[in-house]
Amino acid sequence: MAEERRRSEERRLPELPGASAGAVVLRLPPEPSGYMHLGHAFHGLINYLYREKYGGFLWLRFEDTNPRKVRAEYYDSYREGFRWCGVKWDAEKNNSDDMDLYYSYAEMLLELGGLYVCSCSQEEMAKQRAEGAECSHRSMDASWHMEKWDRMLSGAMREGEAVVRFKGDLQSQNTALRDPVLFRVVEHPHPLKGDRYTVWPTYDFAVAIQDAVCGVTHVLRTSEFMFRDELQDQIRQRLGLRNPVYVEYSRFEFEGTPLSRRRIRELIEQGIVRGWDDPRLGTVAAARRRGFTPEALREFVKSYVALTPSRKLYSWDLLYAINRRVIDPKTPRLFFVPDPRRVVLKNPMAVKVSVPLHPSADMGSRALEVGDTVFIPGRDADLLKPGDRVRLKYLTNIRILDRVEGGIVAEAEGGGPEPGLQVIQWVPEKSHRLEVIVPGMLFRGEVPDPQSLSTVSGLVEAYEASVPVGSAVQFERFGYCVKDAAGVYIFTHP
RNA sequence: GCUCCGGUAGUAUAGUCCGGUCAAGUAUGCGGGCCUCUCGAGCCCGAGACCCGGGUUCAAAUCCCGGCCGGAGCACCA
C-alpha cells in the first residue's frame, strides 16, 4: 500500500518559503548582453512554474545598467526565447527606465550619510577594501558629498574620476559589504537611452531598488549572488523598503557543454563552432534548432531540477528521454539509408508499396516504388554473406546471392516478417541524397573536440521532399532528426 | 590565500527542517526478457547510493563535532 502510494506520487515543485496563493511576485532578470542559454531558459521556467503554482505575478525585467555591455538586439532575443519556452510574464520593464528614481533614492541616502562620493583610483580602492581601510572621502560631511554628486550628474566628473559608494562595514567578512561602488560614470551611449545618462547604478543598487518597487516577494536566483543578499537588504533597509525572501541554487551545467556566455562567445569567435545556434551549443537557439521541445524543457525542470545549492551536472540522456516521450507519438517515420549499398534483385519486383508514416498514430502513409534495385545501409550490407537472409521492412525478405563491386546481388523471396529475421530499412532507386549533421559532445575534458560535429550522408525516400523545414522525423533505425534546410537534417537524439 | 556553501546509485532527484513508517522511492543510463515488420515506443525483471571517522540516542541518510572532497564569491560585470 505504501509502496503503491510512493510509486504513483507525482513530482511537484517544493513550496516556496512564506508563500501564499495570489501573493507571490517573482522576477526574471536577464542582462541583454549575450546569447540566451538553457540556464536562462530553466530560470525562466522555474519562475514561471511558481507563478502558475501560486497564481502570482511575474516580471520580465532587463538588467541593463551597464551601457557598455548591453546591446539592443538581445532584448528581443530574450523575449523570443522565453516565449518559445512557454514562459509567460505579466509585465515587463527595464532597469534603465528608472534612472531618476535611483537618483532620488541616492540623494536620500547621501543626505542620511548612507552613501558617499569617493574619488580614489580603482587600485587604491581595491587595496583599501582588501585591508579593510577607510579613505579620506568617507568621513566628509553630507553637503560635500551632495556637491560632488551634483557635479557627477552635471557631467563635470569624467569616467573614473568619482564613484558613489555604500557606507558599509569595511571589516566585514563579506567583502561585498566593504563599501562597494553603487554608482559610476560611464561615458558610453546606452542602446535604449542614448546619451541621456552618464551616471549609472551598479547591479546591487539597481536590483535592490527594483526588487522593492516591483514588489518582489521571492528572489529565485543562482547562488553566485549569495554574497549580495546582505548588501541589497541593507540598501533597502536604509530606504525603508521591504526585503524579499531568497531562494538560491547552484547553476545548471550540461555534460560537455559550456553554458557561460563568455565561453560561448569565445567558441564562436575562435571559429570552433559555426555560430550561436550551432547544434552542439547549449543556447536556446541551438536547442530549438536541434529539435528539443518546450514541453520537454518544462517537464525536465518540473521533475529533475532541484532548487538546491549542490553542484549539478546533467547528462544529456535525461533530456533526450523526456524529449523522445514528447515527440515520439507525433513524429512521422521515414527510411533513410546512411552510407548506401546497392542491392540488385535478380527477380525485379515492380511494385508500389504503401507504408504507414507512424506505427500506431494515424498519420497516413507514403508510397515506395520498387523495380530491380534498392539501397540498404552500408553497416548492414557489410555483414551480409551469400546465403544470408534479411527482411526489407514492409517489402520482402531477400536472400543474398553474391557480393559484387559496389553492392550485393540478391533474390527477393517475398513473404512476411519471420521471428529472428532481421528487419532493416531501405530505399528504392528513385531516392535522393541527404545529409544529417550529427552533433556530439563539444568538450571532452578541457579541450573542444574538433570531431564533435560530424555529417552522415545517405539516401532518403522521395517522400522526404514534402517535409517542411523545421519539422521532425524519425529515420528508422537511425534516430530523430529535424529538417534544417532542403537536403539537410540535424540529428536530435536516438 | 581568505570567506561562504554543499556532498543520497554513472547521472538527475525524493527523503534531511520535525530521528523510527528508509533493509532508502522515482527517472535516466546499464544488463536481461517479453512485445513490436525500427537499434524507436510499450511492458516485465535485475544490478546499482546515504563521502569518511567519531559522538548523542533504545533508534541516525536525518542531530552534533572533525576530516576529506567538490562548488561559489572576493569588479567602477551582472
Side-chain angles (χ1 to χ4, degrees), chain A residues 2-3 5-12 14 17 29-34 63-66 68-70 95 118 120-122 125-126 129-130 159-165 172-176 178 180-186 200-204 206-207 221-228 248-255 261-262 299-300 303-306 308-322 324-325 327-329 331 333 335 355-356 358-361 379-380 391-395 397 416-419 421-425 474-480 493-494:
Chain A
E3 186 77 0
R5 196 176 58 241
R6 212 178 268 155
R7 275 177 197 281
S8 61
E9 201 168 26
E10 227 183 272
R11 280 174 185 280
R12 299 180 305 238
E31 183 192 29
S33 68
E63 312 259 277
D64 59 349
T65 53
N66 184 350
R68 240 181 262 282
K69 281 180 74 185
V70 173
N95 281 2
C118 176
C120 293
S121 69
Q122 274 190 61
M125 205 183 292
R129 296 187 70 198
E159 187 164 337
E161 275 188 64
V163 295
V164 174
R165 294 225 252 164
S172 177
Q173 297 272 47
N174 181 355
T175 50
R178 323 246 265 228
V181 170
L182 260 27
F183 285 92
R184 79 289 207 193
V185 176
V186 182
W200 288 90
T202 56
Y203 168 76
D204 289 297
V207 165
R221 51 153 64 137
T222 42
S223 44
E224 67 250 37
F225 296 102
M226 198 170 56
F227 299 93
R228 337 291 317 176
E248 287 162 341
Y249 40 90
S250 57
R251 51 174 6 136
F252 311 106
E253 297 178 71
F254 275 89
E255 199 184 357
R261 290 190 288 198
R262 202 201 78 237
E299 175 55 28
F300 187 89
S303 297
Y304 298 100
V305 168
T308 60
S310 50
R311 194 188 175 188
K312 323 174 196 316
L313 182 62
Y314 296 98
S315 73
W316 285 99
D317 289 333
L318 196 50
L319 229 202
Y320 292 172
I322 296 169
R324 193 183 293 130
R325 215 148 40 218
I327 66 176
D328 181 80
T331 303
R333 271 58 172 169
F335 287 164
V355 304
H358 194 279
S360 52
R379 214 177 97 201
D380 295 310
R391 172 156 182 81
L392 304 180
K393 190 171 182 182
Y394 300 130
L395 213 217
N397 302 332
E418 295 171 16
L421 184 62
Q422 161 132 60
V423 177
I424 65 173
Q425 85 278 28
Q474 188 206 48
F475 290 131
E476 292 202 29
R477 301 211 308 142
F478 185 80
Y480 296 90
H493 49 66

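Chain identifiers are assigned alphabetically (A, B, ...) following the order of the sequence lines, protein sequences preceding nucleic acid strands; residue numbering begins at 1 within each chain.
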Could you work out, with salt bridge (Lys or Arg N to Asp or Glu O under 4.0 Å) as the rule, every residue matching [X], not counting sequence neighbours?
X        : result
A:Lys312 : none
A:Arg261 : A:Glu31
A:Arg311 : A:Glu253
A:Arg477 : A:Asp380

Set of side-chain hydrogen bond (donor to acceptor under 3.5 Å, both in side chains) partners for A:Glu418, sequence neighbours left out | A:Arg389, A:Asn397
Pairing residues for A:Arg251 by the side-chain hydrogen bond (donor to acceptor under 3.5 Å, both in side chains) criterion, not counting sequence neighbours = none
Is there a donor-acceptor pair closer than 3.5 Å between any side-chain N or O of [X] and the backbone N or O of [Y]?
X        : Y        : result
A:Trp316 : A:Glu255 : yes
A:Asp64  : A:Asn95  : yes
A:Thr222 : A:Glu224 : no
A:Arg184 : A:Gly160 : no

Between [atom2] of [N] and [atom1] of [X], the distance in whole Å:
X        : N     : atom1 : atom2 : answer
A:Asp328 : B:A41 : CG    : C1'   : 5 Å
A:Phe254 : B:A12 : CZ    : C1'   : 10 Å
A:Arg477 : B:U38 : CZ    : P     : 10 Å
A:Ile322 : B:U11 : CD1   : C1'   : 12 Å
A:Ile327 : B:A41 : CD1   : P     : 11 Å
A:Leu319 : B:A27 : CG    : P     : 18 Å
A:Asp317 : B:U13 : CG    : C1'   : 16 Å
A:Leu318 : B:C30 : CG    : P     : 13 Å

Closest listed nucleotide, where the reference is the side chain of A:Arg324 and the choices are B:U13, B:G40, B:U28 = B:G40
Could you give the distance separating [M] and [N] at their [atom1] atoms, to the nearest angstrom?
N     : M     : atom1 : answer
B:A60 : B:G54 : P     : 13 Å
B:G19 : B:U56 : C1'   : 11 Å
B:G46 : B:G67 : P     : 43 Å
B:C17 : B:A72 : C1'   : 24 Å
B:G48 : B:U28 : C1'   : 13 Å
B:C52 : B:G42 : C1'   : 43 Å
B:U11 : B:U57 : C1'   : 35 Å
B:A23 : B:U62 : P     : 13 Å

With heavy atoms under 4.0 Å as the rule, sort A:Arg333 into base, sugar-phosphate or nothing.
->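 Base, at least one base heavy atom under 4.0 Å.
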When we call it a touch if two heavy atoms are under 4.0 Å apart, what does A:Pro359 touch: a base, just sugar-phosphate, or nothing?
->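 Contact class for A:Pro359: base.
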RNA chain B: 5'-proximal contact among A:Leu313 and A:Asp380 (nearest heavy atom) = A:Leu313
B:U13 phosphate, OP1 or OP2, under 4.0 Å from A:Tyr314 side-chain N/O = yes
N/O-N/O pairs, protein side and nucleotides 33-37 of chain B side, under 3.5 Å:
{"residue": "B:C37", "atom": "O2'", "partner": "A:Lys393", "partner atom": "NZ", "Å": "3.2"}
{"residue": "B:C37", "atom": "O2", "partner": "A:Arg391", "partner atom": "NE", "Å": "3.0"}
{"residue": "B:C37", "atom": "O2", "partner": "A:Tyr394", "partner atom": "N", "Å": "2.9"}
{"residue": "B:C37", "atom": "N3", "partner": "A:Arg391", "partner atom": "NE", "Å": "3.2"}
{"residue": "B:C37", "atom": "N3", "partner": "A:Arg391", "partner atom": "NH2", "Å": "2.7"}
{"residue": "B:C37", "atom": "N3", "partner": "A:Tyr394", "partner atom": "N", "Å": "3.1"}
{"residue": "B:C37", "atom": "N4", "partner": "A:Arg391", "partner atom": "NH2", "Å": "3.1"}

For the side chain of A:Gln474 and the base of B:U38, is some donor closer than 3.5 Å to an acceptor across the two?
->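 Present.
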Go through the structure and list residues passing ring-ring contact (aromatic ring centres under 6.0 Å, His included) with [X], not counting sequence neighbours.
X        : answer
A:Tyr394 : none
A:Tyr480 : A:His493
A:Phe225 : A:Tyr203

Contact letters for nucleotides 62-78 of chain B, in which S counts primed atoms plus P, OP1 and OP2 and B counts the base, heavy atoms under 4.0 Å = --------SSBSS-BBB
Output field dot_bracket for RNA chain B (Watson-Crick or G-U, both distances under 3.5 Å, | for other-strand pairs) contains (((((((..((((......[....)))).(((((.......)))))....(((((..]....))))))))))))....
